[in-house]
Q: 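Here it is, the structure, as structure tokens.
Fair warning: this is a prediction, and the values are worked out from it, not measured in the lab. Reckoned from all heavy atoms, side chains included, excluding hydrogens, waters and symmetry mates.
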Amino acid sequence: MVAVPAGRVTLSDRRTWRSWPVELAAYRLAAVPVTQALYAQVTGRRPSTARGDRLPVEGVSWTDAVRFCNALSESEGLAPTYRLHADTGDDAGDVEWDASADGYRLPTEAEWEHACRAGTVGPRYGELDEIAWHRGNSHERTHDVGGKRPNAWGLYDMLGNVWEWCWDVYDAEVYGTYRVLRGGGWFDERWSCRASVRRRSHPTLRIDDVGFRVARSPLPDRRPHPPL
């Protein structure tokens, strides 16, 4: 996991022409998307269309990703971050985030964009062909994670390879429980592989260019404070 510093990011939406600033506390983010090997180790499942231990897992829904986060937390003795009702199934509306838990979770889209930019202000953190697998260089398939140059904070594949699920609802009034996807994928044109691009999809979607990476909130400081 990579330690991501606190900061401020301004999100924007081209559909509504809105923009809004978000202040972020420090957090941790996986250096690469969840691989097929890790997903199989934790869940016993290999849902991806392409096969390879170091390939990013794809063909996973938002709810699959949430369940994986809890399973990974439990496997490491951490408190699961998400509360799922017994009859949740694939209904994302029945998932609650326990912010006090120390386990794994999906990043918010503000956390995702802040981490992707890594202090840069342009559309990308480097030359696209050097940092991302996209339609122009991927030969229309996924590639092993970590094969391109990372950003300044040591995060790989933030753009390209697979889109990544985020925690957030895209626009509840218009799209209901549709969740945010970020980053662009192996089948996307250059335009879609930018730090600010937002995509939406139903939380039950499973497709071969969508995966995810995990985050963790910092542990609270429980050390005794020195006497005044």
Q: Within the structure provided, determine whether E173 and D171 are in side-chain contact (heavy-atom separation under 4.5 Å).
A: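 The answer is yes; the side chains approach within 4.5 Å.
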Q: Would D208 and R141 pass as an ion pair if we require N to O under 4.0 Å?
A: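 No, this pair does not count.
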Q: Report yes or no: is the cationic atom of R179 (NZ for Lys, CZ for Arg) closer than 6.0 Å to the six-membered ring centre of W167, at no more than 45° off its axis?
A: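 The answer is yes; both the distance and angle limits are met.
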Q: Tell me which one of L106, V34, L38 satisfies side-chain contact (heavy atoms from CB on, under 4.5 Å) with V214.
A: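 Among L106, V34, L38, the one that satisfies the side-chain contact (heavy atoms from CB on, under 4.5 Å) with V214 is V34.
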Q: Can you confirm whether K148 sits close enough to W133 that some side-chain heavy atom of one is under 4.5 Å from a side-chain heavy atom of the other?
A: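 In short, these two side chains touch, coming nearer than 4.5 Å.
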Q: Are R216 and Y27 linked by a side-chain donor-acceptor pair shorter than 3.5 Å?
A: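 Side-chain D/A pair, R216 to Y27: absent.
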Q: Taking the side chain as everything from C-beta on, heavy atoms only, tell me whether P107 gets closer than 4.5 Å to L29.
A: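 Yes, their side chains come closer than 4.5 Å.
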Q: Run through E111, R105, R28 and flag the one making a side-chain hydrogen bond (donor to acceptor under 3.5 Å, both in side chains) with S217.
A: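 The passing option is R105.
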Q: With no hydrogens and no angle check, is any side-chain donor or acceptor of Q36 less than 3.5 Å from a backbone partner on V57?
A: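 The answer is no, because no donor-acceptor pair under 3.5 Å joins these two groups.
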Q: Within 45° of the six-membered ring axis of Y178 and under 6.0 Å from that ring's centre, is NZ or CZ of R200 located there?
A: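 Judged by the rule (NZ or CZ under 6.0 Å from the ring centre, within 45° of its axis), R200 is not positioned above Y178.
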Q: Taking side chain as C-beta onward, heavy atoms only, is W153 less than 4.5 Å from V4?
A: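 Yes, side chains in contact.
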Q: Heavy-atom distance under 4.5 Å between the side chains of D188 and D209, does that happen here?
A: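 Yes, their side chains come closer than 4.5 Å.
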Q: Looking only at side chains, do E164 and W112 share a donor and an acceptor under 3.5 Å apart?
A: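 A pair is found: one side chain offers a donor N or O, the other an acceptor, under 3.5 Å apart.
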Q: Would you call V162 and R213 a side-chain contact if the rule is heavy atoms closer than 4.5 Å?
A: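 SC-SC contact between V162 and R213 ruled out.
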Q: Quick one: does H114's side chain have a donor or acceptor within less than 3.5 Å of a partner on E109's backbone?
A: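 Not confirmed, H114 side chain does not pair with E109 backbone.
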Q: Verify whether one side chain among H134 and D129 offers a donor that lies under 3.5 Å from an acceptor in the other.
A: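 Per modelled atom types, H134 and D129 side chains form a pair under 3.5 Å.
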Q: How long is the straight-line distance from OG of S201 back to CD1 of I207, given to the nearest 0.5 Å?
A: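 Nearest 0.5 Å value for the CD1-OG distance: 7.5 Å.
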Q: Looking at D13 and R198, is any side-chain nitrogen of the basic one under 4.0 Å from a carboxylate oxygen of the acidic one?
A: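 Yes, charged N to carboxylate O under 4.0 Å.
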Q: Could you go through the ring pair (Phe, Tyr, Trp, His ring centres under 6.0 Å) check for F68 and F212 one step at a time?
A: CA-CA 10 Å; F68 171 88; F212 65 103; 5.4 Å; yes
Q: Does T49 form a side-chain contact (heavy atoms from CB on, under 4.5 Å) with E58? I'd like the steps, not just the answer.
A: CA-CA 7 Å; T49 300; E58 29 87 357; 3.9 Å; yes
Q: Could you tell me whether the side chain of S138 reaches within less than 4.5 Å of the side chain of H143, counting heavy atoms only?
A: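 SC-SC contact between H143 and S138 confirmed.
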Q: Can a donor-acceptor pair be found, under 3.5 Å and without considering hydrogens, that links the side chain of N70 to the backbone of Y82?
A: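 Yes.
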Q: Report yes or no: is the cationic atom of R15 (NZ for Lys, CZ for Arg) under 6.0 Å from the centre of the six-membered ring of W17, at an angle within 45° of the ring normal?
A: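 Not flagged: R15 not positioned over aromatic ring of W17.
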Q: Could R182 and W163 be counted as a cation-pi pair, given that NZ or CZ must be under 6.0 Å from the ring centre and within 45° of the axis?
A: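 So R182 doesn't make the cation-pi contact.
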Q: I'd like to check R190 versus R124 (side-chain heavy atoms, cut-off strictly below 4.5 Å). Are they in contact?
A: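 Contact flag for R190/R124 side chains = yes.
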Q: Is a donor on one side and an acceptor on the other found under 3.5 Å between the side chain of T120 and the backbone of Y125?
A: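 Not at all, since once roles are kept as given, no pair shorter than 3.5 Å links the two residues.
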Q: Please say whether more than 12 non-hydrogen atoms of neighbouring residues, nucleotides or ligands are located less than 6.0 Å from CD in E127.
A: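 It does not: E127 CD has 12 such atoms or fewer within range.
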